[in-house]
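Below: the structure, in structure tokens.
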Amino acid sequence: MTVEVLFNEVCGLFGDVFNAQYLEKCIPDSEFIYTALCDKPYFEDNTPDIILMGAMSEKTQRAVIKKLLPLKNRILELIDKGVVFFVTGNAFEVFTKEIDYVSEEIKTEGLGIFDLTVKTDYFNRYNGKVLGKFNGEFEITGIRSQFSFVYGNNSDGYFVKSDSGIGINPDSKFEGVRKNNFFGTHLLGPVLVQNPPLCEYIISLAGGTPRLAFEKQARSAYTQRLKEMKE
Amino acid sequence: MNIRFIIAMLAAKISKFLLKLIGKNATYLPGLIALKLDKNFLGGLSKPETLICVTGTNGKTTTSNMITDILRDNGYSVTNNGFGSNVQAGVATALLADATLTGKPKNKVAVIEVDERSSILVYKYITPDYLVATNITRDSMKRNAHAEFITFIVNSALPSTTKVFLNGDDLISSFFGKENTDRTYYGLDCEIPEREESAGVKDIVYCPICGGKLNADYIRYNHIGRYRCSECDFVSPERAYTVTAIDRENKTVTLTHNGENHILPLVNDNIVNVYNLCAVSGFLHKFGLSFEQIAASLKKTAIVKSRFDTEKIGDYSITMQLSKGQNPIATSRSINYIASIEAESKAMLFMCDDIEEKAESACWIYDCDYAPLASDNIKQVIFAGRRCKDHLLRALLAGVDESKIAICEDPADGAGLIDTSCRNVYILYQLYLVNEAKKAKAFIEKKAREEIK
Ligand SMILES: [Zn+2]
């Protein structure tokens with residue numbers, strides 16, 4: 001398998017880079033390509049099995065949009081082909097129609113792959129947790145911490161339905177986005193390390209055989225966190 | 001004089017008096033009361049003749065306290081919030097304590113530590129004459145978000161007339177007050193690391209001017225180091241005050257300014273504290289003290305004791321280190337420092353989990369550098385606290401051998417797990433776990449005393 005990790009040097013604000021580092025340990029025979037913001041993305045001419053991208057600053061978000069906008073059609077093609085995208089934190093906002101950075105008084109057009117818009121306000125940080133069932137199969141848990149909310153209808157393509165916590169905005173119960181095998185979530189950090197069932201799911205979906213690294217310890221920590229989230 | 005201000009001042013002074021009466025420290029509440037009654041309260045206070053603000057992610061308390069101590073040692077009457085709070089209410093509490101009812105300051109100089117995020121609420125009302133910045137790195141993700149956000153906050157609040165004294169080895173805080181023309185930089189120009197790449201997370205990767213790729217001459221830790229841009233002529237700023245040598249044996253540093261070397265006492269040899277020492281000494285020289293005055297005062301001062309404290313009993317050495325959880329860079333520095341100490345058989349008790357936060361605090365440990373824990377001279381690592389299973393997993397991913405890790409959910413149980421065959425015990429603790437940390441220390445002390453008998 002081939003995994004492309006996009007802009008790891010600037011898109012890993014809250015430990016998100018460990019999604020890639022953990023996958024490297026779970027699918028050791030795979031090839032990992034770390035593409036820097038100043039490099040040409042591997043996916044432009046090749047088809048990776050998994051593409052990862054993590055949380056970033058607002059300035060970086062604008063740079064990432066600038067970088068990916070010319071590749072919009074290629075990204076749509078990859079989504080249609082069933083390539084697995086797993087993007088955490090505010091990374092999925094890049095793929096919406098527009099981001100309004102109200103505190104910086106900047107409006108930026110996004111890739112427009114999702115018919116959603118984003119409002120980012122430096123003076124209103126939202127901190128919260130997420131607990132919800134993924135695909136009706138297993139529970140996902142984690143935290144979010146963000147300046148932004150996403151608006152529009154994602155009820156036919158979301159990451160998890162939140163049992164505890166909000167969705168893409170305080171009035172929504174649908175957290176994140178999904179289109180074919182593209183998964184975007186506001187969950188932050190090492191989401192795959194902290195959700196072993198999701199990590200297995202992602203690897204299997206991409207055609208790999210999951211053998212979780214430090215499986216016993218990872219599951220034990222996950223169970224503990226789930227228990228605390230439900231308290 | 002504004003009547004609202006006087007009422008606020010009176011109420012704050014009375015609350016301060018009542019707090020004192022019941023034996024409580026007035027670190028925050030009087031200021032909070034004053035601000036509730038008059039939200040422009042800070043603006044109503046007359047500014048002391050010289051207002052020095054100290055800010056940054058790490059080291060601001062140490063730096064601000066050292067500047068205060070040295071100024072006092074040289075005869076200045078100084079207002080300071082060193083043992084109080086550094087948010088808006090804490091700043092107000094410190095300033096009002098040393099002011100008359102009409103808001104006139106009793107002291108000529110104030111040295112105020114300002115929380116980076118509170119910049120907007122402080123600098124809007126009072127203009128610092130000087131701003132001393134230590135560094136900006138990622139911190140609590142909930143409160144501080146990311147380094148660019150903190151820079152945005154500071155820069156949108158800082159008055160352009162403030163003279164800035166900045167860490168030239170930090171590409172983030174060295175950009176504080178872009179419009180401010182009186183700028184002085186300090187940094188370290190010794191013990192140049194060989195590596196050009198950093199093991200830790202970096203909060204700046206591309207050129208702050210053109211966005212081009214940065215080449216590092218060297219990196220000390222995380223993004224702290226010296227850089228040049230590959231695409232424009234940007235280089236790390238020229239420093240006016242540099243530590244050019246650290247003599248650990250004689251416990252001195254050489255501070256070079258205008259080509260002349262000055263020998264100063266080394267208060268603590270952890271590199272982050274050498275940066276603080278450089279900031280303090282350089283700044284006070286710019287302020288007007290001579291290097292002789294600074295050196296003489298430094299001899300008397302020590303880092304606020306509760307922050308780093310080693311005690312030797314019999315064959316044992318026990319070190320207590322206050323360590324903010326949720327702050328990956330500060331914690332990484334502590335871990336790295338402990339790993340770098342030349343001693344065999346070290347045990348480390350790590351209790352840095354947040355009290356209120358439950359499952360929410362498991363991200364920061366992935367930004368923290370756990371690799372040094374794998375070093376051979378660290379014989380045991382104990383993670384004591386709610387998130388112990390997450391710490392265990394994180395340590396395993398960093399290559400730490402599971403056989404040397406012990407975990408327990410209740411921090412109070414940590415002491416009992418310490419392998420007493422380890423002669424060097426390090427206790428890293430979160431402020432609210434100070435009692436558990438003391439218990440762990442007492443446990444080793446008892447063991448040491450038994451052995452002496
Ligand atoms: Zn440049």
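Given the structure is predicted, the values throughout are model-derived calculations rather than measurements.
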Checklist outcome for this item: Paired with A:F14, the side chain to side chain contact (heavy atoms under 4.5 Å, CB included) test is passed by just one of B:R138, B:M141, B:K142, namely B:M141
Checklist entry - Below 4.0 angstrom, N of the basic side chain to O of the carboxylate: do A:R62 and B:E148 qualify? => result no
Next on the checklist: Less than 4.5 Å to any heavy atom of chain B: does that hold for the side chain of A:Y126, its backbone, both, or neither?
Outcome noted: neither
Next on the checklist: Just so I know, are the side chains of B:K389 and A:R225 near enough to count as touching, which here means a heavy-atom distance under 4.5 Å?
Outcome noted: no
Item to check | Stepwise side chain to side chain contact (heavy atoms under 4.5 Å, CB included) test for A:Q224 and B:R387 | outcome: CA-CA 9 Å; A:Q224 171 85 14; B:R387 299 264 60 79; 3.9 Å; yes
Item to check | For the student: nearest non-hydrogen atoms of A:A218 and B:L393, plus distance | outcome: CA-CD2, 3.8 Å
Next on the checklist: Can you tell me how the ring of B:Y366 sits relative to the ring of A:F18, calling it parallel under 30°, perpendicular over 60° and tilted otherwise?
Outcome noted: perpendicular
Next on the checklist: For A:K119, is the NZ atom crowded, meaning more than 12 foreign heavy atoms sit under 6.0 Å from it?
Outcome noted: no
Checklist entry - Heavy atoms, side chains only, cut-off 4.5 Å: are A:Y222 and B:D390 in contact? => result no
Checklist entry - Would one find more than 12 heavy atoms of other residues, nucleotides or ligands at under 6.0 Å from atom CD of A:E105? => result no
Item to check | NZ (B:K124) with more than 12 external heavy atoms under 6.0 Å | outcome: no
Item to check | Part of A:K25 within contact of chain B (heavy atom distance under 4.5 Å) | outcome: side chain
Next on the checklist: Tell me if the CG atom of A:D45 is crowded by more than 12 foreign heavy atoms within 6.0 Å.
Outcome noted: yes
Item to check | Under 4.5 Å from a heavy atom of chain A, the part of B:I120 involved | outcome: side chain
Next on the checklist: Heavy-atom cut-off 4.5 Å, strictly under: side chain, backbone, both or neither for B:L397 against chain A?
Outcome noted: both
Item to check | Contacting moiety of B:I153, where chain A heavy atoms sit under 4.5 Å | outcome: side chain
Checklist entry - So, for B:C363 and A:P190, which heavy atoms are closest and what is the spacing to 0.1 Å? => result SG-CD, 4.0 Å
Checklist entry - So how far is it from A:S57 OG to B:F152 CZ, rounded to the nearest 0.5 Å? => result 12.5 Å
Checklist entry - Got more than 12 heavy atoms from elsewhere within 6.0 Å of NZ, A:K161? => result no
Item to check | Under 4.5 Å from a heavy atom of chain B, the part of A:A55 involved | outcome: neither
Checklist entry - For B:R143 and A:R125, what are the C-alpha separation, side-chain angles and deciding distance, and is it a side chain to side chain contact (heavy atoms under 4.5 Å, CB included)? => result CA-CA 8 Å; B:R143 288 179 282 116; A:R125 189 155 181 86; over 6 Å; no
Item to check | Interatomic spacing from OH in B:Y206 to SG in A:C38 - rounded to 0.5 Å | outcome: 3.5 Å
Item to check | Region of A:Q146 that comes under 4.5 Å of a non-hydrogen atom in chain B | outcome: neither
Item to check | Heavy-atom neighbours of B:E231 CD exceed 12 at 6.0 Å | outcome: yes
Next on the checklist: Parallel, tilted or perpendicular, judged at 30° and 60°: which one describes the rings of A:F147 and B:H146?
Outcome noted: perpendicular
Next on the checklist: Between A:V191 and chain B, with a heavy-atom cut-off of 4.5 Å, which part of the residue counts as in contact: side chain, backbone, both or neither?
Outcome noted: neither
Checklist entry - Does A:E9 come within less than 4.0 Å of B:K213, counting only side-chain N to carboxylate O? => result no
